[in-house]
Amino acid sequence: MNDQATARQPAGPGAASRPGLAARTLKAIGLLRESKAAIIGVGLILFWVLLALLAPVIAPYDPLKSNYAALANPGMLTPGHLLGTDHLGRDMLSRIMWGARTVLTVTPVAILIAYVVGITLGMLAGYYRGWVDTLISRVSDIILSFPVLILYIILLSTVGPSVFNIIVAVTLAFAPGIGRIVRGLVLDLRTAEYVAAAQIRGETGPFIMIVELLPNARGPLIVDACLRFGYTVITIGVLGFLGLGLPPPDPDWGGMVSETTALITIFPHMALVPSIALSSLVIGFNLLADGLREISMRD
Amino acid sequence: MTVFILKRLGLVVLTMVVSSFLVFTLNEFSPGNVASKTLGPYASQEQKNILFERLQLNDPVLLRYVRWIGVLTGVIVDPLQDPVLGLNFHDPRGDQYFGNLGYSTLYKVPVNDVIWNRLGNTLALAAIAFAIILPLSMVFGILSGMSEGSMLDRTLSYTGITLTSIPEFASGVMLMAIFVLWLEWLPGTSPLMSLPEWSIAEQFVLPVLVLVLYDFGYVARMVRGSMVEVMTRPYIRTAILKGLPYRRVIMKHALRNAMIAPFTVILLQINFLITGVVVTEVIFGFPGFGRMLLEAALFGDITLVEAATMVAVFIAVTTQLVGDIGYMYLNPRIRFT
């Protein structure tokens, strides 16, 4: 462990005096503070995470319950409804909060699975080379050459929209790209001395991949993951908008826009509020990604 | 070079075959589904049985896929046009010709009658958007890449990040609220028909604007990144130190090299603009290729979905091929790899 850390990243923390998790977290926060973009990004993300967590406590109404009296005057800032009500008289503020819950649970799960699959494939291709590499790379090329949105439409219209199928679709669309990045990193890393040392020690392939290679490839992957978070939020929104998202009546930001765009000339807030909510969350992820990239380039 | 291109062409054909087979399998895996989707919800069991028999839906998927290729290449007759089925499908081109994409059950016309028209509309939309995105993102990318870290660079970068973060449907909704509802300058729908109030040109404005806003920040960032890298090269420093006018350094030395890397990215935008505009087309009711594909997929028009996917994949792989060849041409260092 020792020589590898020093060999790969001379400036990084030496393995002998590797600080604990708490200390490293503090250091990461300290680094983040150097980038204004990252701070704003984290702020936006935390804002939505808090709203999502607290939705059951602070949401003023049941997000699925219609207030028929409000149908006559659904506008914003009406008494009792800060952000107004939607076309079925449901409280917008509550629906936005619960919608944040949906998007912030589906997105991390989808990203996590896509990364597990992508990292596995990329590692196998980059470490073993040969026919494994050829097979994985060719299949990835074919999937990557497929227009993403069309892939989603065909997949979800055939198997039907559900949380599970959306996660499968995101994994299928993302894993080849992640695999390609990991493969490139591994091709570069596998020539390092610590890999040879581990091989001589008699370590198995999977051990070397997970213990030796993966930790050294994490930097670029974290930035990439951040960008993909934003992109997945957009994707889930777009699917909702196209009628391929989560089935109603559960509040889903994209679906909320799709149900109310037709009313935009009469009640613009119904489509505007979820649009702004979704955009601000994506901006948060992309600013954080940009800040992280900036910080990682500086070192 | 020739070997490389031939190899890549082989890969294009392979990709098309594999992806069309996958889409075919996905759509036609359950044969009972094919019959009921083709005939719609009001078909009787008897009709379904006839269709089932005529299309030989009991055969393995691979065999049916080969038969589908046969119809496409004009080797065999399109079974859907058989008068026995009572579907009243009639293609003026005949039921057996090269390039027969089948019969759309959604629009009740031959696929060839609907798909090219829709693709043309989308191409027009994409071409206008591309003609704006390209110069705009080049200018912004070069300006901010020339002076990394400056006030201008920061402003442009954050504007770019913010704009690319806003999904098309969200910016569409926001723009509609401003230009349609509030200012009343533009139409909120773009059916591409002469409306009494709005000309066709006016109907193009908002869809184009949505695409430009979503895409230009991304391309500008790519151009910027490449420009930043080139500006740190020794030959730029030499050119400045030997007293060349700054303008000349940028125009003659930096730009040419900075354009190589983003070239592929820019070409891929053509692909995005043709196949990724579904959302924009749906918001504005634009009669384009993407919306047609979405409607066909939601309706269960298998023939049209399969045909449209083939066209989309073809566009995607050819732009990638053109991108790779162009990249080799621009960057002689990788020509022989």
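A note on names: the letters A, B, ... follow the listed sequences, proteins ahead of strands, and every chain is numbered from 1. For the numbers below, each heavy atom of this structure counts, side chains included, while hydrogens, waters and symmetry mates do not.
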Residue, of A:Ser280, A:Ser145, A:Gly243, A:Gly230, that accumulates the most heavy atom pairs under 4.5 Å with chain B: A:Ser145
I need the residue from A:Leu244, A:Thr261, A:Val238, A:Val148 with the largest number of non-hydrogen atom pairs under 4.5 Å to chain B. A:Val238
Are the charged groups of A:Glu259 and A:Arg90 less than 4.0 angstrom apart, N to O? yes
Check whether any side-chain N or O of [X] sits under 3.5 Å from a backbone N or O of [Y] as a donor-acceptor pair, and report yes or no.
| X | Y | value |
| --- | --- | --- |
| A:Thr260 | A:Leu263 | no |
| B:Asp301 | B:Thr105 | yes |
| A:Asp133 | A:Arg129 | no |

Toward chain A, the part of [X] with a non-hydrogen atom under 4.5 Å:
| X | answer |
| --- | --- |
| B:Tyr158 | side chain |
| B:Arg221 | side chain |
| B:Val180 | side chain |
| B:Tyr214 | side chain |

Chi angles and distances behind the ring-ring contact (aromatic ring centres under 6.0 Å, His included) call for A:Trp98, A:Trp48: CA-CA 10 Å; A:Trp98 282 89; A:Trp48 286 113; over 10 Å; no
If I measure from the heavy atoms of chain B, does [X] come under 4.5 Å with its side chain, its backbone, both, or neither?
| X | value |
| --- | --- |
| A:Leu227 | neither |
| A:Leu281 | neither |
| A:Asn286 | both |
| A:Leu287 | both |
| A:Leu278 | side chain |
| A:Ala37 | both |

Determine the option with the most heavy-atom pairs under 4.5 angstrom with chain A, choosing from [options].
| options | result |
| --- | --- |
| B:Val279, B:Leu293, B:Thr319, B:Thr164 | B:Val279 |
| B:Ala308, B:Ser171, B:Ser19, B:Gly188 | B:Ser19 |
| B:Leu163, B:Val305, B:Val317, B:Val278 | B:Val278 |
| B:Leu298, B:Leu268, B:Leu11, B:Ile166 | B:Ile166 |

Kindly determine whether A:Ile178 and A:Asp224 satisfy side chain to side chain contact (heavy atoms under 4.5 Å, CB included), including the steps that lead there. CA-CA 8 Å; A:Ile178 299 167; A:Asp224 179 66; 4.3 Å; yes
Parallel, tilted or perpendicular: ring planes of B:Phe24 versus B:Trp68, cut at 30 and 60 degrees: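 Because their plane-to-plane angle lies in the 30° to 60° range, the rings of B:Phe24 and B:Trp68 count as tilted.
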Return the orientation label for the B:Trp185 and B:Phe179 ring planes: parallel under 30°, perpendicular over 60°, tilted otherwise.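 The arrangement is tilted - the two ring planes meet at 30° to 60°.
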Taking the six-membered ring for Trp, are A:Tyr231 and A:Phe285 closer than 6.0 Å centroid to centroid?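 No, the ring of A:Tyr231 stays outside the 6.0 Å limit from the ring of A:Phe285, centre to centre.
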Heavy-atom closest contact (A:Ser279 atom, B:Met174 atom, distance):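 For A:Ser279 versus B:Met174, the nearest heavy atoms are OG-CE, 3.8 Å.
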